Amino acid sequence: MKRTLFALLLITLFSVSAPALIQAQVSAPFRVYLTFEDGPTDAYTPQILDILAQYNAKATFFPNGYQIAGREAIIQRIVREGHAIGNHLWIEPPVYSGAPAELVIESYQRTEDAIRAALTPELLAIYDAQPRIFRQPGGGAQPFPAVSGISVISYNWSVDADDCGWGVPGGAGDNYDDVVIDNVLNTPRSLGGARWNVYEQGDGAVIAFHDINRVTGRVLPVILSELQAAGATFEALPRPWDQPGTMPIALGTRPVYGAGVPGYTLIGEVLDVARIRSAPAYDAAILFSAVEPGTQITVSGRSGDWMQVSWDGQSGWMHGDLLHERGAVSALPLVQ
């Protein structure tokens, strides 16, 4: 709870102090794709929809087919409020990655039939206008099996909130909200493979949540508030550059950055006593020998693991491990 309150305090400080530190010369897209799987549930899906509406955020829901009967009104509300629906198969076992193709296809079609049966004709027309999207339970190692008449984009995630607590160090107790917040916004703490936060993934980040437990509704306002302050927008899948028949995101892969957007800057927070150097190298001349933890600083470029920063009227370089950036790192200009 203390870490959650601290995160809320940081949001307040960030939203107040950021304009004084930085006025971005140009804007860059920071589209974040929130996804919720394994529902719908009576207890949690409506609560999540209420929170999304408060932040004018769109999202994508991946229901299990067996959960739909008796909850048709929730499925209808999802579509009516502008969110997307993807197919998460009928029930998780036995269709995890590596399951026989015919079993996956059968489970997909059964769930598709349940989704369609839950929608009114008006909402079904909206659903049919949406490209088909699919998520393998547990994440996929390959795209949906090739089959005539079914064309889908297979979506894993690039940011794992671990809001069910499966990877929480020491096991999930009653309150692991701070771990979930760190997994999304700060240094991820859940175990189980390589992880990156939403800022490191940048524009196009896909975050995996669930709508089956109480933790998600508690942390979502904290996460949405900070990301909105950092310039993020929340959209429903698919991402505009993804194509049917593909699996655009491979689990556990390091973010790949391009040239960035010239003139784009963001806010970074110094995590430990840090030096600013004249070039992106440990043997470069020291411009400032001790920038204190908690200092907010303008970040204007990147080169490898180093970040170009502006501080006290000078431009220099700080190692990325000593900074927590709040914005789309992928948009920072690459400095050769």
Side-chain angles (χ1 to χ4, degrees), residues 24 26-35 59-60 135 139-143 153-163 167 179-209 223-224 226-235 237-243 246-269 271 280 297-309 317-336:
V26 298
S27 61
F30 185 15
R31 291 161 287 191
V32 174
Y33 296 83
L34 310 167
T35 67
T60 302
R135 174 171 288 168
Q142 57 189 11
I153 306 173
S154 301
Y155 276 110
N156 289 316
W157 53 88
S158 53
V159 178
D160 181 7
D162 192 26
D163 52 335
V179 177
V180 178
I181 290 168
D182 283 347
N183 288 338
V184 177
L185 299 177
N186 304 310
T187 300
R189 292 198 282 148
S190 284
L191 307 175
R195 295 173 181 268
W196 291 269
N197 68 37
V198 65
Y199 299 122
E200 293 167 327
Q201 292 291 350
D203 183 41
V206 177
I207 308 177
F209 293 101
I223 291 169
L224 295 181
E226 180 174 314
L227 287 176
Q228 276 193 340
T233 58
F234 306 104
E235 302 186 10
L237 291 172
R239 302 183 304 185
W241 55 88
D242 295 330
Q243 297 299 317
T246 67
M247 187 183 72
I249 300 170
L251 293 174
T253 54
R254 180 178 294 276
V256 177
Y257 302 147
V261 178
Y264 177 73
T265 57
L266 53 78
I267 288 294
E269 181 181 345
L271 299 176
I297 197 166
T298 300
V299 185
S300 58
R302 53 185 169 80
S303 178
D305 293 331
W306 291 79
M307 295 293 170
Q308 189 175 44
V309 299
W317 292 87
M318 184 180 293
H319 197 274
D321 288 345
L322 299 173
L323 273 174
H324 174 48
E325 302 88 356
R326 290 193 176 89
V329 174
S330 58
L332 284 172
L334 176 64
V335 180
Q336 303 287 0

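Computed from a predicted model, the values in this text were never measured in an experiment.
By the 4.5 Å heavy-atom criterion applied to side chains, Ile181 and Glu226 are not counted as neighbours. Under the 4.5 Å side-chain criterion, counting only non-hydrogen atoms from C-beta, Glu269 is in contact with Arg326. By the 4.5 Å heavy-atom criterion applied to side chains, Met307 and Val329 are counted as neighbours. Taking the side chain as every heavy atom from C-beta outward, Tyr155 and Pro248 approach each other to under 4.5 Å.
When atom types are taken as modelled, the side chain of Ser330 and the backbone of Tyr257 share no donor-acceptor pair closer than 3.5 angstrom. At least one donor-acceptor pair closer than 3.5 Å links the side chain of Tyr264 to the backbone N or O of Ala328. In terms of modelled atom types and a separation under 3.5 Å, the side chain of Ser158 and the main chain of Gln201 share no donor-acceptor contact. When atom types are taken as modelled, the side chain of Asn197 and the backbone of Thr187 share no donor-acceptor pair closer than 3.5 angstrom. No donor-acceptor distance shorter than 3.5 angstrom exists from the side chain of Ser300 to the backbone of Val309, with no hydrogens or angles considered.
Here the closest non-hydrogen pair linking Ala205 and Val159 is CB-CG2, 4.5 Å. Leu185 and His324 get closest at one heavy-atom pair: O-CE1, 2.6 Å. When every heavy atom of Ile207 is checked against every heavy atom of Ala161, the shortest pair comes out as CG2-CB, 4.4 Å. The shortest non-hydrogen separation linking Arg135 to Asn156 is NH2-O, 3.1 Å. Nearest approach of Ser190 to Val179, heavy atoms of both residues: OG-CG1, 3.6 Å. Residues Gln228 and Phe234 share a closest heavy-atom pair of CG-CE1, 3.4 Å.
Interatomic distance, Leu332 CG to Leu266 CG, rounded to the nearest 0.5 Å: 4.5 Å. Residue Asp203 holds its CG atom at 7.0 Å from OH of Tyr33, rounded to the nearest 0.5 Å. Annotation: the span from Leu34 atom CG to Leu224 atom CG amounts to 6.0 Å, rounded to 0.5 Å. Here the OG1 atom belonging to Thr265 is positioned 11.0 Å from the CD atom belonging to Gln308, to the nearest 0.5 angstrom. Note: Asp162 CG to Arg189 CZ = 11.0 Å, rounded to the nearest 0.5 Å. The distance from the OG1 atom of Thr246 to the CD atom of Gln142 is 13.5 Å, given to the nearest 0.5 Å.
Between Tyr199 and Phe30, the ring-plane angle classifies as tilted under the 30° and 60° cut-offs.
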Pair Met318-Val299, side chain to side chain contact (heavy atoms under 4.5 Å, CB included): steps then yes or no
CA-CA 9 Å; Met318 184 180 293; Val299 185; over 6 Å; no
Check step by step if side chain to side chain contact (heavy atoms under 4.5 Å, CB included) holds for Thr35 and Val206.
CA-CA 7 Å; Thr35 67; Val206 177; 3.8 Å; yes
Where do Val335 and Arg302 land on the side chain to side chain contact (heavy atoms under 4.5 Å, CB included) test, with the steps shown first?
CA-CA 6 Å; Val335 180; Arg302 53 185 169 80; over 6 Å; no
